[in-house]
Novice: 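Following this message is one structure expressed as structure tokens.
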Amino acid sequence: MESASAHALAEQLGETGYLCDDSLATVAFLALRMERPLLLEGEPGTGKTALAEAIAESLGLPLVRLQCYEGIDATQALYDWDFPRQILHLRALEAAGGADVEEAEKSLYDERFLLARPVLAALQQSPAVLLVDEVDRADDEFEAFLLEVLSTYQVSIPELGTVKAATPPIVVLTSNRTRELHDALKRRCLYHWIDHPGLEREVEILRSRAPEVPELLARQVATVVQQLRDRHDLEKPPGVAETLDWARALHHLGSSELDLASAARTLGALVKYREDTERVRQALDQMLRA
């Protein structure tokens with residue numbers, strides 16, 4: 001169900017457990033209304049991917065995810081042919097007494113042998129949410145391909161013809177900014193940079209996404225994480241996802257409030273680099289003994 005306003009969209013997203021501020025709710029609302037792709041950039045763990053998931057859940061639409069990586073090409077994003085089934089089909093034709101060569105060749109490229117990859121699947125299933133995750137990991141050529149698809153919402157399959165979405169899918173692209181995206185792709189999108197939340201919003205997110213965590217523990221965890229993000233010596237400051245993991249880990253150990261021993265034992269949920277583990281351990285020792 002389409003939202004009537006940015007505020008209504010924020011409330012719908014909140015019902016899924018995703019809490020966003022006014023600026024993010026507004027740009028997401030405009031992307032839906034204007035049928036424009038939404039490009040989200042920000043540090044890892046700030047909720048970029050989760051927003052696409054929340055939009056799909058709140059609107060009752062299927063989520064189709066394209067995970068980008070170095071070397072990805074149009075084939076992995078669009079479609080492929082089911083080669084083993086095509087071979088079985090040919091053998092079945094031979095066993096049945098054979099068929100005209102030209103007709104047999106045509107029959108190999110039927111829709112039943114088509115393997116729809118995420119972009120094609122989103123066009124076929126639309127209305128749907130297409131999440132193009134970590135687009136900055138792909139190369140320039142793939143970015144150009146995406147731009148073409150997002151401009152027309154159609155793809156051409158030589159053997160079958162053109163597939164065009166009756167309703168343009170809702171497209172969310174995410175980037176951790178490991179490289180700069182080209183201006184042409186950015187111009188096609190509405191853009192928003194997602195920052196780490198402030199203390200009160202992070203506590204609110206914890207209370208919403210992990211209600212089993214005691215309120216005191218949630219606030220202590222959020223406060224410590226906020227202080228850790230202010231440090232400049234960490235390889236990767238913890239994101240909201242790590243805050244949630246750490247709070248849940250502490251809760252599973254039976255902690256009702258943050259103490260040094262439990263904090264030290266659960267650092268694997270908070271930091272993911274060996275160097276960060278030691279730095280955070282020392283920082284916790286100072287913070288929790290103060």
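Position 1 is the first residue of the sequence; numbering continues from there. The model shown is predicted, which means the values in this text are computed figures rather than measured ones.
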Novice: Between L258 and V224, is any pair of side-chain heavy atoms under 4.5 Å apart?
Specialist: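 Yes, at least one pair of side-chain atoms sits under 4.5 Å.
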Novice: Please report the shortest heavy-atom distance between C189 and L39, naming the atom on each side.
Specialist: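 Where C189 meets L39 most closely, the heavy atoms are CB-CB, 3.8 Å.
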Novice: Strictly by salt bridge (Lys or Arg N to Asp or Glu O under 4.0 Å), give each pair with a member in residues 43-54 just once, sequence neighbours left out.
Specialist: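 Listed once each, the pairs would be none.
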Novice: Does W81 belong to the same Ile/Leu/Val/Met/Phe/Trp/Tyr cluster as L123, with side-chain heavy atoms less than 4.5 Å apart forming each link?
Specialist: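 Looking at the clustering, L123 is in the same group as W81.
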Novice: In the hydrophobic clustering that connects Ile, Leu, Val, Met, Phe, Trp and Tyr at side-chain heavy-atom distances below 4.5 Å, which members other than L199 occupy its cluster, ordered by chain and number?
Specialist: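 Hydrophobic cluster check, L199: joined to V203.
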Novice: Kindly write out the residues that satisfy side chain to side chain donor-acceptor pair (under 3.5 Å) with R177, not counting sequence neighbours, or none if the list is empty.
Specialist: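 Scan of R177 (side chain to side chain donor-acceptor pair (under 3.5 Å), adjacent residues dropped) gives E180.
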Novice: Are any non-hydrogen side-chain atoms of L206 and L244 less than 4.5 angstrom apart?
Specialist: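 Yes, their side chains come closer than 4.5 Å.
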Novice: Can you find a heavy atom in the side chain of S175 that is under 4.5 Å from one in the side chain of L40?
Specialist: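 Side-chain contact under 4.5 Å: no.
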Novice: L19 and side-chain contact (heavy atoms from CB on, under 4.5 Å): which single residue from R209, R207, E204 fits?
Specialist: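 Among R209, R207, E204, the one meeting side-chain contact (heavy atoms from CB on, under 4.5 Å) with L19 is E204.
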Novice: Looking at residues at least two apart in the chain, or sitting in another chain, which of them share a side chain to side chain donor-acceptor pair (under 3.5 Å) with T16?
Specialist: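 Testing T16 for side chain to side chain donor-acceptor pair (under 3.5 Å), a comparison that skips the adjacent residues, returns none.
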Novice: Could you walk me through whether I194 and L24 satisfy the side chain to side chain contact (heavy atoms under 4.5 Å, CB included) test, starting with their C-alpha distance in whole Å, then the side-chain angles of each, then the deciding distance to 0.1 Å, before giving a yes or no?
Specialist: CA-CA 8 Å; I194 300 185; L24 179 55; 4.1 Å; yes
Novice: To the nearest 0.5 Å, how far apart are CD in E57 and CD1 in I55?
Specialist: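 Output value for this atom pair is 11.5 Å.
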Novice: Quick one: CD on E215 to OG on S256, what's the gap to the nearest 0.5 Å?
Specialist: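 Reported value, rounded in 0.5 Å steps: 13.0 Å.
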Novice: Taking ring pair (Phe, Tyr, Trp, His ring centres under 6.0 Å) as the cut-off, I'd like each qualifying pair that reaches into residues 140-165, sequence neighbours left out, listed once.
Specialist: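 Every pair satisfying ring pair (Phe, Tyr, Trp, His ring centres under 6.0 Å) with a residue in residues 140-165: F142-F145.
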Novice: State which residues pass side chain to side chain donor-acceptor pair (under 3.5 Å) with D230; sequence neighbours excluded, sorted by chain then number.
Specialist: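 Counting only residues at least two positions away or on another chain, D230 forms no side chain to side chain donor-acceptor pair (under 3.5 Å).
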Novice: When rounded to the nearest 0.5 angstrom, what distance separates OG in S262 from CG in L217?
Specialist: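 Nearest 0.5 Å value for the OG-CG distance: 9.0 Å.
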Novice: Return the set of residues passing side chain to side chain donor-acceptor pair (under 3.5 Å) with T46 (not counting sequence neighbours), or none when no residue passes.
Specialist: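 Once residues adjacent in sequence are excluded, T46 has no partner under the side chain to side chain donor-acceptor pair (under 3.5 Å) criterion.
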Novice: Would you mind reporting whether V155 and V149 have side-chain heavy atoms less than 4.5 Å apart?
Specialist: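 SC-SC contact between V149 and V155 confirmed.
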Novice: Got a sec, which pairs hit salt bridge (Lys or Arg N to Asp or Glu O under 4.0 Å) with one end in residues 13-32, sequence neighbours left out?
Specialist: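 Qualifying pairs: none.
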Novice: About how many Å separate CG of L130 and CG of L150, when rounded to the nearest 0.5 Å?
Specialist: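 Going from CG on L150 over to CG on L130, the span is 7.5 Å.
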Novice: Under the 3.5 angstrom rule, does the side chain of R179 hit a backbone N or O of A138 as a donor-acceptor pair?
Specialist: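 Yes, R179 side chain to A138 backbone: donor-acceptor pair under 3.5 Å.
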Novice: Restricting to salt bridge (Lys or Arg N to Asp or Glu O under 4.0 Å), what partner residues turn up for R36, sequence neighbours left out?
Specialist: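 Not a single residue meets the salt bridge (Lys or Arg N to Asp or Glu O under 4.0 Å) criterion with R36.
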Novice: Check the pair T243 / E202 against side-chain hydrogen bond (donor to acceptor under 3.5 Å, both in side chains), numbers first and verdict last.
Specialist: CA-CA 9 Å; T243 305; E202 190 149 21; 2.7 Å; yes
Novice: For the atom pair CG (L173) and CG (L146), what is the distance rounded to the nearest 0.5 Å?
Specialist: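 If I round to the nearest 0.5 Å, the distance is 6.5 Å.
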Novice: Start with the C-alpha distance between L228 and V280, add both sets of side-chain angles, then the distance that settles side chain to side chain contact (heavy atoms under 4.5 Å, CB included), and finish with yes or no.
Specialist: CA-CA 8 Å; L228 291 174; V280 169; 4.0 Å; yes
Novice: Taking the side chain as every heavy atom from C-beta outward, state whether L38 and L51 have any atom pair closer than 4.5 Å.
Specialist: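 Heavy-atom side-chain distance check passes, below 4.5 Å.
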Novice: Show your reasoning for whether side chain to side chain contact (heavy atoms under 4.5 Å, CB included) applies to L59 and V129.
Specialist: CA-CA 9 Å; L59 298 180; V129 176; 5.6 Å; no
Novice: For residues 233-253, pull every pair meeting ring pair (Phe, Tyr, Trp, His ring centres under 6.0 Å), keeping only residues two or more places apart or in separate chains.
Specialist: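 Those involving residues 233-253 do not exist here.
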Novice: Applying salt bridge (Lys or Arg N to Asp or Glu O under 4.0 Å), which residue pairs with at least one partner in residues 59-81 are found, sequence neighbours left out?
Specialist: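 Output for this query lists R65-D133, D80-R117.
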Novice: For a 4.5 angstrom cut-off between non-hydrogen side-chain atoms, does L267 reach L284?
Specialist: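 In short, these two side chains touch, coming nearer than 4.5 Å.
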Novice: Taking all non-hydrogen atoms of both residues, which atom of P211 and which atom of S208 are closest, and how far apart?
Specialist: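 That would be CD-O, 3.6 Å.
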Novice: Output the distance between atom CD1 (I170) and atom CD (E35), rounded to the nearest 0.5 Å.
Specialist: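 Here the interatomic distance stands at 9.0 Å.
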Novice: If a pair satisfies ring pair (Phe, Tyr, Trp, His ring centres under 6.0 Å) and one of its residues is in residues 168-199, list it, with sequence neighbours excluded.
Specialist: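 Qualifying pairs, neighbours excluded: none.
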Novice: State whether D276 and R281 are salt-bridged, where the test is any N-O pair (Lys NZ or Arg NE/NH1/NH2 against Asp/Glu carboxylate O) under 4.0 Å.
Specialist: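 No salt bridge links D276 with R281.
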Novice: Looking at E148, I want to see if its CD is surrounded by more than 12 non-hydrogen atoms of other residues, nucleotides or ligands under 6.0 Å.
Specialist: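 No.
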Novice: Has E278 got more than 12 heavy atoms of other residues, nucleotides or ligands less than 6.0 Å from its CD?
Specialist: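 It does: E278 CD has more than 12 such atoms within range.
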Novice: Report whether Y69 and V135 are members of the same hydrophobic cluster (ILVMFWY, side-chain heavy atoms less than 4.5 Å apart, transitive linking).
Specialist: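 Yes; tracing contacts between hydrophobic side chains, which count when under 4.5 Å, links both residues.
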Novice: Are the side chains of E235 and K272 in touch, meaning some heavy atoms are under 4.5 Å apart?
Specialist: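 A side-chain contact is absent here, since even the closest heavy-atom pair is not under 4.5 Å.
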Novice: Answer whether the closest heavy-atom distance between the side chains of I157 and L120 falls below 4.5 Å.
Specialist: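 Yes; the side chains approach each other to less than 4.5 Å.
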Novice: Looking at every non-hydrogen atom in both residues, tell me the closest pair between E242 and L270 and how far apart they are.
Specialist: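 Heavy atoms only, the tightest pair is CG-O, 3.4 Å.
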Novice: If two hydrophobic side chains count as joined below 4.5 Å and joins carry through other members, does L260 share a cluster with V221?
Specialist: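 Yes, it is one cluster - the side chains of L260 and V221 are joined through contacts under 4.5 Å.
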Novice: Salt bridge (charged side-chain N to carboxylate O under 4.0 Å, His left out) for R265 and D259? Distances and angles first, verdict last.
Specialist: CA-CA 10 Å; R265 283 187 295 167; D259 64 85; 5.8 Å; no
Novice: Identify whether the distance between the nearest side-chain nitrogen and carboxylate oxygen of K186 and E143 falls below 4.0 Å.
Specialist: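 Not counted as a salt bridge, because no side-chain N and carboxylate O are separated by less than 4.0 Å.
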